[in-house]
Amino acid sequence: TPVIALLYPNTYTRGAWPMAVLALGQTVNAATGPCGHMVTMVGRSDLVLGNSAAALIINLALNVALIPPYGMVGAGIAWGVSIVAWNLIRLYQAWRVLGMHPFGPWVGRTAISLAAFCVTAAAVRLALESQLPLVQIVAGAVASSAALVAAMAATALIELHDLTPAGARSLLVRDGPPGRPQGGRQ
């Protein structure tokens, strides 16, 4: 991958696919938020222990099944799947125990925007495969960011006016920066 090739010697490129799979697992982890912590805070640490045990069992079983035929990639898949399973269990428990979940109507629109970002990044990567890694990274970042902004505007996650300096200022005044009271003034 261009990022690995740019930052590390060639010997590290073998780890690109396992790292990509783990990144997908961590994306699910980030998307589900602090569900496990919320379950713990209401006194259900027994559920969190069960979640951890289930994730460990899934990880061990998948490691035994996937590492011999697929090596490092199999280990990455095993760990990534166990991270996803662990977080989906925690998400379900937060919904059952607390009656809450972190998702709302924005999820579909966000998924469309992120898909546009990923498809564009993959297309640029394939189109510029013969170029230097730095060229691939810069072109991919620019094209993917443009696709993301366009998709976010098309799905009404943002308004194009918000991307102008005046729009950004109005957002700060309306919502205020973090730690500042409503209205943007102290």
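Both backbone and side-chain heavy atoms feed into the values below; hydrogens, waters and symmetry mates do not.
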Taking every heavy atom of Ala75 against every heavy atom of Asn63, the minimum-distance pair comes out as CA-OD1, 3.7 Å
Taking only residues two or more places apart in sequence or in another chain, which ones pass side-chain hydrogen bond (donor to acceptor under 3.5 Å, both in side chains) with Gln26?
Asn29
Distance check, rounded to the nearest 0.5 Å: Ile89 atom CD1 versus Cys35 atom SG?
12.5 Å
With side chain to side chain contact (heavy atoms under 4.5 Å, CB included) as the criterion, how do Leu60 and Val64 come out once you've worked through the C-alpha distance, each side chain's angles and the decisive distance to 0.1 Å?
CA-CA 6 Å; Leu60 289 174; Val64 167; 5.6 Å; no
Looking only at non-hydrogen atoms, find the nearest pair between Arg90 and Gly33 and report the distance.
NH2-O, 3.5 Å
Quick check: closest heavy atoms across Val21 and Gly76, and the distance to 0.1 Å?
CG1-O, 3.3 Å
Please examine the side chains of Ser144 and Val124, heavy atoms only from C-beta on, and report whether any two atoms are closer than 4.5 Å.
no
Report yes if the side chains of Asp46 and Arg44 come closer than 4.5 Å at any heavy-atom pair, otherwise no.
yes
To the nearest 0.5 Å, what is the distance between CG on Leu132 and CD1 on Ile137?
10.5 Å
Looking only at non-hydrogen atoms, find the nearest pair between Leu148 and Ser113 and report the distance.
CD1-O, 3.5 Å
Val81 and Trp86: same hydrophobic cluster, using ILVMFWY side-chain contacts below 4.5 Å?
no
May I ask whether Ile58 and Val73 are part of the same hydrophobic cluster, defined by side-chain heavy atoms of I, L, V, M, F, W, Y residues being less than 4.5 angstrom apart, directly or through others?
yes
Within one Ile-Leu-Val-Met-Phe-Trp-Tyr cluster: Trp17 and Leu22, side-chain cutoff 4.5 Å:
no
CG-CZ distance between Leu157 and Arg109, expressed to the nearest 0.5 angstrom:
5.0 Å
Heavy-atom closest pair (Ala78 atom, Leu66 atom, distance to 0.1 Å) is N-CD1, 4.1 Å
Would you indicate whether the side-chain heavy atoms of Ile77 and Leu62 approach each other to under 4.5 Å?
no
Under the rule for side-chain hydrogen bond (donor to acceptor under 3.5 Å, both in side chains), what residues qualify as partners of Thr32, not counting sequence neighbours?
Asn87
Which pair of non-hydrogen atoms, one from Gly25 and one from Ile83, has the smallest distance, and what is that distance?
O-CG2, 3.3 Å
Besides Val39, the hydrophobic cluster formed by Ile, Leu, Val, Met, Phe, Trp and Tyr side chains linked at under 4.5 Å, directly or via other members, contains Met38, Met41, Val42, Leu47, Val48, Val97, Leu98, Met100
If two hydrophobic side chains count as joined below 4.5 Å and joins carry through other members, does Ile67 share a cluster with Met19?
no
Donor-acceptor contact below 3.5 Å, side chain Gln136 vs main chain Glu129:
yes
Are Leu24 and Trp79 connected into the same hydrophobic cluster when the rule is that any two of I, L, V, M, F, W, Y join if their side-chain heavy atoms are below 4.5 Å apart?
no
